[in-house]
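All values below come from the heavy atoms of this structure, side chains included, with hydrogens, waters and symmetry mates left out.
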2 protein chains.
Amino acid sequence: MLSQTGLYALQALLHLAAKGRNGPVPAGHMARELGIPANYLAKILQRLSREGILEATRGARGGYRLVPDPARLTVATAVAPFQELKTPRVCLMGGLCDLSNPCVAHTRRLQWNAAALASLARTTLADLLAGTPEEADRPGHSNQPTENDR
Amino acid sequence: MLSQTGLYALQALLHLAAKGRNGPVPAGHMARELGIPANYLAKILQRLSREGILEATRGARGGYRLVPDPARLTVATAVAPFQELKTPRVCLMGGLCDLSNPCVAHTRRLQWNAAALASLARTTLADLLAGTPEEADRPGHSNQPTENDR
DNA sequence: ATTAAATCGGATAATAATGTCCGAAAAAGG
DNA sequence: CCTTTTTCGGACATTATTATCCGATTTAAT
């Protein structure tokens, strides 16, 4: 589902969102705290820094700082640099797939992927920290209670 | 999402469900038809055979046959032998996770996994073949009768 | 200026996933 | 019996992911 690397990134970002109030947090500190291989986490943080999600301060008293508001940073965005979504364009039906008319199995798989991504795109770091229970899975819909007539 | 191996398995099973009406289908034939590395597919089919999902007939005129009714075989089941679901027991919150009271981030990740799996568990091979458009994601209300009579 | 703390980034190693090769065994048909 | 077709299964090769190492650079504090 989420790659190991993506999970590490998410953990670090959550840590920063929760405990990075006063000044930047060194990578080594986070690695120790979270139980992540230090040198590997360093690479991940560099990446997030290049991506603009983190800001690095070098030298003594340096470290990383979370740039966006946790309420506006979705898990999908946070993890995107490590997911590599390399569009496998092989249809489930193989040779059976017509490719001219839309193949059902093909469409279905895209839907699966979309559903998985949508869930991550609806969750922000703030959600995770605050403990908002997961709302109904209705992509594109704001949470309007339509079940009141059952 | 789905591993490459899992996708291959799914393709082969769909092929058998669609074209395996009269007699077993050889692995080599499927590999050619679906554009899957022949020797690799062979390994996958062996696995499905040991799992009881396929039945192998050896020797000339042999091949593989789909054992369960496509309407009762879910994608989740078909792909399960290759997913290895190795329960990563690292909480998203790292050291912050209490582990005594239920950690929100922890719970949330399990929900993500569950949601992804649920979608696969609700789809049968017959669904894919028949072209049933994906119904609303309602776990209790499966669109295909997977337990109507027994 | 010197030192210590920290990121930066390239090179490399270890592990897992994917793909290949080949010989043995089984079954069918002559 | 012999040949052909096919699965079986172990060993190996390739590639991607994950992890480690180390020297260079930047910065703050002494």
Side-chain angles (χ1 to χ4, degrees), chain A residues 1-12 16 20 22-67 79 81-88 90, chain B residues 1-12 16 20 22-67 79 81-88 90:
Chain A
M1 183 69 203
L2 288 181
S3 74
Q4 185 70 279
T5 306
L7 280 180
Y8 286 163
L10 200 49
Q11 286 185 258
L16 284 173
N22 27 6
V25 182
H29 185 271
M30 278 191 269
R32 225 176 309 112
E33 196 94 359
L34 298 169
I36 299 175
N39 296 100
Y40 195 49
L41 179 59
K43 287 293 172 349
I44 294 170
L45 296 175
Q46 277 174 36
R47 183 81 189 270
L48 288 171
S49 182
R50 280 196 297 272
E51 218 71 31
I53 297 175
L54 294 183
E55 188 187 52
T57 309
R58 295 170 71 155
R61 300 249 160 188
Y64 289 94
R65 185 181 71 84
L66 182 63
V67 172
V79 155
F82 310 102
Q83 289 301 95
E84 300 280 341
L85 213 4
K86 45 196 150 192
T87 53
V90 189
Chain B
M1 184 69 202
L2 287 182
S3 74
Q4 186 70 279
T5 307
L7 280 180
Y8 287 162
L10 200 49
Q11 286 187 257
L16 284 173
N22 27 5
V25 181
H29 185 273
M30 278 190 268
R32 225 176 310 111
E33 195 95 359
L34 298 170
I36 299 176
N39 296 99
Y40 196 49
L41 179 60
K43 287 295 170 355
I44 295 170
L45 296 176
Q46 277 174 36
R47 183 80 190 270
L48 288 169
S49 182
R50 280 196 297 272
E51 220 70 32
I53 296 174
L54 294 183
E55 188 187 52
T57 310
R58 296 169 73 156
R61 301 245 158 189
Y64 288 95
R65 185 181 70 83
L66 183 62
V67 172
V79 154
F82 310 101
Q83 290 300 95
E84 299 281 341
L85 214 6
K86 45 194 151 193
T87 52
V90 189

Q) Just how far is it from atom CG of A:L41 to atom OG1 of A:T5, taken to the nearest 0.5 Å? A) 10.5 Å
Q) Rounded to the nearest Å, what distance is computed from the OH atom of residue B:Y40 to the C1' atom of nucleotide D:dA13? A) 13 Å
**Q.** Gap between atoms CZ and P, on B:F82 and C:dG19 respectively (whole Å)
**A.** 13 Å
**Q.** Given C:dT20, C:dC8, D:dC8, the nucleotide with the shortest approach to the side chain of B:Y64
**A.** D:dC8
Q.
Taking any heavy-atom pair under 4.0 Å as a contact, classify B:G59: base, sugar-phosphate, or nothing.
A. base
Q. Any idea which of D:dA28, C:dA28, D:dT20 is nearest the B:A60 side chain?
A. C:dA28
Q) Is any side-chain nitrogen or oxygen of B:Y8 closer than 4.0 Å to OP1 or OP2 of C:dG19? A) yes
Q | NE2 on B:H29 to CG on B:L34, rounded to 0.5 Å | A | 9.5 Å
Q: Round to a whole Å and report the spacing from CZ of B:R47 to P of D:dG10.
A: 13 Å
Q | Distance, rounded to the nearest Å, where B:L7 contributes CG and C:dT18 contributes C1' | A | 13 Å
(Q) Distance check needed: C:dA17 P versus A:Q4 CD, whole Å only. (A) 11 Å
Q) In Å, rounded to the nearest 0.5 Å, how long is the span from CG of A:L54 to CG of A:L66? A) 6.0 Å
Q. From C:dC21, D:dT27, C:dG19, pick the nucleotide closest to the side chain of B:K43?
A. C:dC21
Q. With sugar-phosphate meaning primed atoms plus P, OP1 and OP2, does A:A27 contact a base, only sugar-phosphate, or nothing at under 4.0 Å between heavy atoms?
A. sugar-phosphate
Q. For the residue pair B:A42 and B:Y64, what are the closest heavy atoms and their distance?
A. O-OH, 4.4 Å
(Q) Please compare B:P26 and A:L41 by the position of their nearest nucleotide in DNA chain D and report the one closer to 5'. (A) B:P26
Q) Can you name the closest pair of heavy atoms from B:A12 and B:L45 and give their distance? A) CB-CD2, 4.0 Å
Q: Mind calculating the distance between CG (A:N39) and P (C:dG10) to the nearest angstrom?
A: 16 Å
Q.
Under 4.0 Å, heavy atom to any atom of DNA chain C: which of residues 48-58 of chain B qualify?
A. B:R58
Q) Do you know which two heavy atoms are closest between B:A9 and B:F82, and how far apart they sit? A) CB-CE1, 3.5 Å
(Q) I need the CZ-P distance between B:R65 and D:dT7, as an integer number of Å. (A) 15 Å
Q: Could you tell me the separation between the CG atom of B:L48 and the CD atom of B:E51, rounded to the nearest 0.5 Å?
A: 7.5 Å
**Q.** Nearest-Å distance for atom pair CD1/P, residues B:I44 and C:dT18
**A.** 9 Å
Q | Nucleotide of C:dT18, D:dT20, C:dC8 approaching A:Q46 most closely (side-chain heavy atoms) | A | C:dC8
